[in-house]
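Single-structure report; data block below.
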Amino acid sequence: MNKQKRITEHPVLGRMQDREEVTFTFDGHTYKGFKGDTIASALLANGVRRLRVHEETGTPRGIYCNIGHCFECRTTVDGADGVRACLTPIREGMEVKSGQKEALPLDSQHHDAHKLPKTYADFAKQEAGDPHV
Amino acid sequence: MYDVLVVGAGPAGLSAAIACREWDLSVAVIDEFPKPGGRLLGQLHQEPSGEWWNGIYETDQLLDKAETLETDIRCGVSAHHIEKTDAGYTVHTNKGLLHSKKLLIATGAAESAAPVPGWTLPGVMSIGAAQVMTNVHRVKVGQKGIVVGINVLSAAIAREMQLAGVDLDSMVLPAYNSVTADHAHPKKVMDGLMRIAHLAPSAFLRFGSKFAKAKWIRDLAVSFYPSGGVKMWGMPIHVRKAVTEIHGTDQVEAVTICKVTPEGAPIKGTEEKIAVDFVCIAGGLYPLAELAAVAGCPFQYVEELGGHVPVHNERMETPLEGLYVAGNITGIESAKVARAQGTVAGLSIVRDSMDAVDLIEHGIESAIQNVIQTRENASIQFHPGIHEGREKVAQSFTAYNSHT
Ligand SMILES: Cc1cc2nc3c(=O)[nH]c(=O)nc-3n(C[C@H](O)[C@H](O)[C@H](O)COP(=O)(O)OP(=O)(O)OC[C@H]3O[C@@H](n4cnc5c(N)ncnc54)[C@H](O)[C@@H]3O)c2cc1C
Ligand code: FES
């Protein structure tokens, strides 16, 4: 962990209390954080900003709100996906993986995406096979 | 089945739980953040009296009280749905269902976006994100950054970053688009700046705020705004410059800023690139009220309160029986007001839960007075028309009740 990224001394809040170290992995690399850190804060203290890539375009994403509202920080934690890194405390031995690019079932360049219903009315029409629905 | 379930362990939820525990109701408080305290945890500002408002200390005060009263507080529990039942409410969470007779929703506020091209790059975050990293997790958000959006919250948090030794280039506006709108309008931003002048050691603002009531003086201040910016705590604030783009491949590397007219239109040929590794976007706050909506509570849009708020009265009751709201979900105000509102909500719940009407009526009255007093003395005000806003909601509660 890069100590320079920690605010150890603070003129009003005082010195950062000693905290237990916790070891976890992110995309196979081992990192250390402090007990009480979230995945997002521990990774940032290690200089890691990119938590996932956009499922469709592959462009990089990190935290945005840091308090659970925006869902930009989705990671896979011990096999469970869609976990918000900014709300999840690190635990010893935790395995975190970044969100990856996904196959594109709805991309009209591929597959038969144009046949998929776009609205509920389309869906009902297709399901019922009734042109007047 | 609990007597009371509280969603949100911020100052409003915690003080409500304390009031309920003082009357021995069974209470559970849930919060999705790993620590209780809500947005109070990150707060750190100096009052005009010189005293520090330290959110961690204030949270500890509330938690000590809650703990003495053996209040059940569960963190890491996220509510995503609410059902009204015959007996009260069922709350759906990531840890299963919770049932209660009365429900208090105290979910606080969320930040509005002020998007500029490039804002999805890692290293771009909301101003509140930086507050939590800095003061709660004690991690520096970067080497050098820029704040996009000038308002009471971003000014307070910029100061917090500065205290923690995080380097900021300046504070500027977001480039004008249909979303950033008022946040990108120098004259409107200037109105806001004048209102926080009492918190900022800036001669320009202090001087300006004396005349803040005269619109032409504010306009003049914008027209003749110093091109080096006005300094607050040594940091330049530019109401005549805006970020038009954020650059980087894997993360933020630089921003382009340009000069803007007093109306916020970019002035061609004034662009300059500034190297930064983080950007904080401040688009203001709005009440985080979805849960009240799924529960079936009626809403009203009130600009002065920050957006759509659940209809409620000054006792923090909603038109739905057994459903209460308190804190920033009812309108954007400071933590002190949220805390005072929480006490009112807690006492209202007590009153409606037991045969204590006579005993408690007086307590509710004085708790309501305390909210009004706290509001009047607030050093941080997010919206100027808070009284009018509160008045509008009170009227719609009355109207709603007389129709049903
Ligand atoms: C990012 C941010 C920064 C702020 N900074 C300041 C500041 O510096 N100074 C100031 O005076 N005011 C600030 N405010 C305003 C702040 O809202 C009030 O000061 C005060 O904290 C409001 O108290 P509250 O109890 O209403 O809500 P909060 O303090 O926001 O507490 C609400 C709690 O509810 C929890 N919650 C929300 N939804 C759910 C859910 N679905 N399930 C479970 N839990 C949930 C949240 O995790 C949170 O802990 C800030 C607000 C925000 C959003
Ligand atoms: S950063 Fe917004 S939810 Fe985690």
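Order of the sequence lines fixes the chain letters, A, B, ..., with proteins taken first and strands second; residue numbering starts at 1 for each chain. Only heavy atoms go into these numbers, but all of them, side chains included; no hydrogens, no water, no symmetry mates. Because the structure is predicted, anything quoted here is derived from the model rather than measured.
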- Closest non-hydrogen atom pair, A/Asn66 against B/Ala129: ND2-O, 3.1 Å
- Main-chain N/O of B/Leu121 paired with A/Arg50 side-chain donor or acceptor, under 3.5 Å: no
- At what distance, to the nearest 0.5 angstrom, does NE2 of B/His137 lie from CZ of A/Arg6? 9.0 Å
- Message: Please rank A/Val12, A/Thr88, A/Ile63, A/Thr59 by heavy-atom pairs under 4.5 Å with chain B and give me the top one.
- Response: A/Val12
- Task: Over all heavy atoms of both residues, which pair between B/Ser126 and A/Cys65 is shortest? Give the atoms and the distance, please.
- Result: OG-CA, 3.5 Å
- Message: Heavy-atom cut-off 4.5 Å, strictly under: side chain, backbone, both or neither for A/Arg52 against chain B?
- Response: neither
- Query: For A/Thr8, is it the side chain, the backbone, both, or neither that has a heavy atom closer than 4.5 Å to a heavy atom of chain B?
  - Reply: backbone
- Message: Please classify the contact between A/His10 and chain B as side chain, backbone, both or neither, with a heavy-atom cut-off of under 4.5 Å.
- Response: both
- Greatest number of heavy atom pairs closer than 4.5 Å to chain A - which of B/Val124, B/Leu288, B/Asn54: B/Val124
- Query: Which atom names give the shortest non-hydrogen contact between A/Arg49 and B/Phe278, and what distance separates them?
  - Reply: NH2-CB, 3.9 Å
- Heavy-atom pair of closest approach, residues B/Val132 and A/Ile67: CG2-CG2, 3.8 Å
- Query: Side chain, backbone, both or neither: which part of A/Cys70 has a non-hydrogen atom closer than 4.5 Å to chain B?
  - Reply: neither
- What residue in B/Ile127, B/Asp250, B/Thr249 has the most heavy-atom pairs under 4.5 Å with chain A? B/Asp250
- Task: Take atom CD of A/Gln17 as the centre, draw a 6.0 Å sphere, and report whether it contains more than 12 heavy atoms from other residues, nucleotides or ligands.
- Result: no
- Note on the structure: Applying a strict 4.5 Å limit to non-hydrogen atoms, the region of B/Leu163 in contact with chain A is both
- Query: Looking at B/Phe33 and A/Leu87, what are the two nearest heavy atoms and their distance?
  - Reply: CD1-CD2, 3.6 Å
- Message: If I measure from the heavy atoms of chain A, does B/Glu32 come under 4.5 Å with its side chain, its backbone, both, or neither?
- Response: both
- Note on the structure: Counting heavy-atom pairs under 4.5 Å with chain B, the top scorer among A/Pro11, A/Ser41, A/Ala40 is A/Ser41
- Answer yes or no: does atom CG of B/Asp64 have more than 12 heavy-atom neighbours from other residues, nucleotides or ligands under 6.0 Å? yes
- More than 12 heavy atoms of other residues, nucleotides or ligands under 6.0 Å from CD of B/Gln61: is that the case? yes
- Message: Is it the case that atom NZ in B/Lys35 sees more than 12 heavy atoms from other parts of the structure closer than 6.0 Å?
- Response: yes
- Heaviest contributor of heavy-atom pairs below 4.5 Å to chain B, chosen from A/Arg84, A/His69, A/Arg61, is A/Arg61
- Query: Should the heavy atoms of other residues, nucleotides or ligands under 6.0 Å from CD of B/Gln143 be counted, would the total exceed 12?
  - Reply: no
- Choice from B/Asn135, B/Val136, B/Ile56 maximising heavy atom contacts with chain A below 4.5 Å: B/Asn135
- Which bit of B/Asp31 comes within less than 4.5 Å of chain A, counting heavy atoms only: side chain, backbone, both or neither? neither
- Note on the structure: Comparing A/Leu51, A/Thr38, A/Val53 against chain B, the one with the most heavy-atom pairs below 4.5 Å turns out to be A/Thr38
- Message: Please give me the minimum heavy-atom distance between A/Arg19 and B/Arg138, naming the atom from each residue.
- Response: NH2-CG, 4.3 Å
